[in-house]
Peer 1: 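Could you have a look at this structure, given as structure tokens, before my questions?
As the structure is a computational prediction, the values presented were derived from the model and not from experiment.
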Amino acid sequence: MEFTYSLSEIDETAKKILPLLTSKIVVFQGSMGMGKTTFIKALVKNLGIDNITASPTFGLVNHYEGSENVVFHFDFYRIEHQEEAFDIGFEEYLYSGNWCFIEWAERVSSYIPDKHAVLSFEWIDENTRKVRVA
């Protein structure tokens with residue numbers, strides 16, 4: 001399934017996508033500047049978490065906790081070797097039963113379980129994106 005949305009529609013689009021996710025492990029695909037982190041912010045908000053969501057590029061993982069949900073947001077853009085993910089306990093996060101939102105998952109592909117959801121982002125124009133749910 002795919003959705004086309006503008007920035008003003010991002011929260012509503014995230015709300016529609018959450019029930020379509022077949023796993024709490026979600027891989028985000030798309031080039032730099034595509035809006036993956038912005039979309040993750042909308043998902044986290046729709047999961048009832050009010051924490052400010054920023055990209056964990058430098059720390060690799062951010063932890064957000066609400067009354068009903070826990071989200072781990074990973075950004076592996078800056079890692080040089082996938083073993084760096086192992087060093088932070090990535091596998092433990094994956095099997096915690098909590099939401100795991102993963103940017104640049106191709107850099108840690110051997111650790112990603114077979115059962116995961118994928119959100120692929122495509123640039124339409126400066127204010128519009130398309131997201132495919134798989």
Side-chain angles (χ1 to χ4, degrees):
M1 182 168 282
E2 62 183 37
F3 299 85
T4 300
Y5 65 93
S6 66
L7 190 55
S8 65
E9 302 165 321
I10 196 168
D11 286 331
E12 186 60 33
T13 303
K15 183 178 184 177
K16 291 176 184 175
I17 285 177
L18 271 171
L20 302 175
L21 298 174
T22 58
S23 173
K24 285 188 169 185
I25 299 170
V26 185
V27 168
F28 292 76
Q29 297 177 336
S31 59
M32 180 79 73
M34 194 62 59
K36 297 180 299 290
T37 298
T38 303
F39 201 85
I40 288 171
K41 288 179 187 183
L43 290 170
V44 169
K45 179 180 176 184
N46 274 279
L47 288 168
I49 300 171
D50 295 323
N51 304 39
I52 294 173
T53 309
S55 179
T57 300
F58 295 100
L60 298 183
V61 62
N62 284 345
H63 173 209
Y64 308 108
E65 193 164 340
S67 60
E68 297 181 24
N69 289 291
V70 174
V71 175
F72 299 111
H73 174 196
F74 301 89
D75 184 332
F76 292 119
Y77 179 73
R78 296 200 183 276
I79 68 168
E80 294 183 25
H81 306 284
Q82 66 180 355
E83 291 76 23
E84 292 174 59
F86 184 79
D87 291 343
I88 65 163
F90 183 51
E91 288 182 305
E92 292 173 34
Y93 289 109
L94 290 174
Y95 297 103
S96 68
N98 295 306
W99 289 97
C100 293
F101 295 156
I102 309 163
E103 296 185 66
W104 304 99
E106 62 273 16
R107 296 177 187 240
V108 293
S109 58
S110 68
Y111 295 126
I112 304 294
D114 290 339
K115 184 174 171 33
H116 66 275
V118 177
L119 295 181
S120 300
F121 293 83
E122 181 181 328
W123 175 280
I124 302 298
D125 63 37
E126 186 67 33
N127 296 308
T128 311
R129 303 293 188 272
K130 182 182 293 184
V131 59
R132 288 184 186 86
V133 182

Peer 1: Are Phe3 and Val133 packed together at the side-chain level, in the sense that at least one heavy-atom pair is separated by less than 4.5 angstrom?
Peer 2: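 Yes; the side chains approach each other to less than 4.5 Å.
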Peer 1: Measure the shortest side-chain to side-chain distance between Trp99 and Ile49 over non-hydrogen atoms and say whether it is less than 4.5 angstrom.
Peer 2: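 With C-beta onward as the side chain, the pair stays apart.
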Peer 1: What is the minimum heavy-atom distance between Glu91 and Tyr95, and which atoms define it?
Peer 2: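 Shortest heavy-atom separation between Glu91 and Tyr95 comes out as O-CD1, 3.0 Å.
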Peer 1: Test your reading of the model: is there a side-chain donor-acceptor pair from Lys15 to the backbone of Ala42, 3.5 Å cut-off?
Peer 2: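 Side chain of Lys15 to backbone of Ala42: no pair is present.
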Peer 1: OG/Ser6 to CD1/Ile124 distance, rounded to the nearest 0.5 angstrom?
Peer 2: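 If we round to the nearest 0.5 Å, Ser6:OG and Ile124:CD1 are 12.0 Å apart.
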Peer 1: Nearest 0.5 Å please: distance from the OG atom of Ser120 over to the NZ atom of Lys36.
Peer 2: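 Spacing of OG (Ser120) from NZ (Lys36) equals 10.5 Å.
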Peer 1: How far apart are the closest heavy atoms of Asn98 and Lys24, and which atoms are they?
Peer 2: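 Of all heavy-atom pairs spanning Asn98 and Lys24, the closest is O-CB, 3.8 Å.
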Peer 1: Cut-off 3.5 Å, side chains only: do Glu106 and Ser109 have a donor facing an acceptor?
Peer 2: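 No donor-acceptor contact under 3.5 Å links the two side chains.
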Peer 1: So Phe74 and Phe76, would you call those rings parallel, tilted or perpendicular, with 30° and 60° as cut-offs?
Peer 2: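 Correct class here is parallel.
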Peer 1: Would you mind reporting whether Gln29 and Met34 have side-chain heavy atoms less than 4.5 Å apart?
Peer 2: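 The answer is no; the side chains never approach within 4.5 Å.
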Peer 1: Testing Asp87, Val108, Ile88 for side chain to side chain contact (heavy atoms under 4.5 Å, CB included) with Ile79, which one passes?
Peer 2: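 Exactly one pass, corresponding to Val108.
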Peer 1: Between His73 and Thr37, is there a side-chain heavy-atom distance shorter than 4.5 Å?
Peer 2: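 Yes, at least one pair of side-chain atoms sits under 4.5 Å.
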Peer 1: Measure the spacing between CZ of Arg107 and CD1 of Ile102 and express it to the nearest 0.5 Å.
Peer 2: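 Output value for this atom pair is 14.5 Å.
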Peer 1: Do Leu7 and Thr38 have side-chain heavy atoms sitting under 4.5 Å apart?
Peer 2: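 The answer is yes, as the side chains (C-beta and beyond) meet within the 4.5 Å cut-off.
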Peer 1: Do you know which two heavy atoms are closest between Cys100 and Tyr93, and how far apart they sit?
Peer 2: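 Taking Cys100 first and Tyr93 second, the nearest heavy atoms are SG-O, 3.3 Å.
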Peer 1: Apply side chain to side chain contact (heavy atoms under 4.5 Å, CB included) to Glu2 and list each qualifying residue two or more places apart in sequence or on a separate chain.
Peer 2: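 For Glu2 the side chain to side chain contact (heavy atoms under 4.5 Å, CB included) partners, ignoring immediate neighbours, are Lys130, Arg132.
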Peer 1: State whether the side chain of Asn46 and the backbone N or O of Ala14 hold a donor-acceptor pair below 3.5 Å, judged by distance alone.
Peer 2: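 No, the answer is negative, given that no donor and acceptor are paired below the 3.5 Å cut-off.
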Peer 1: Quick one: CH2 on Trp104 to CZ on Arg78, what's the gap to the nearest 0.5 Å?
Peer 2: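 If we round to the nearest 0.5 Å, Trp104:CH2 and Arg78:CZ are 11.0 Å apart.
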Peer 1: Does the side chain of Arg129 reach to within under 4.5 Å of the side chain of Thr13, using non-hydrogen atoms?
Peer 2: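 No. Closest side-chain heavy atoms not under 4.5 Å.
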Peer 1: Do Phe121 and Phe39 make the cut of ring centroids closer than 6.0 angstrom?
Peer 2: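 Ring centres of Phe39 and Phe121 closer than 6.0 Å.
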Peer 1: Is there a side-chain contact between Tyr77 and Met32, using heavy atoms and a 4.5 Å cut-off?
Peer 2: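 Contact flag for Tyr77/Met32 side chains = yes.
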Peer 1: Which side-chain N or O atoms in residues 110-117 pair as donor and acceptor under 3.5 Å with protein atoms at least two apart or in another chain?
Peer 2:
unit_1, atom_1, unit_2, atom_2, d
Ser110, OG, Gln82, OE1, 3.1
Ser110, OG, Gln82, NE2, 2.8
Lys115, NZ, Thr22, O, 2.7
His116, ND1, Pro113, O, 2.7
His116, ND1, Asp114, O, 3.3

Peer 1: Using a 4.5 Å cut-off on heavy atoms from C-beta on, say whether the side chain of Leu43 contacts that of Leu119.
Peer 2: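 Leu119 reaches Leu43 side chain to side chain.
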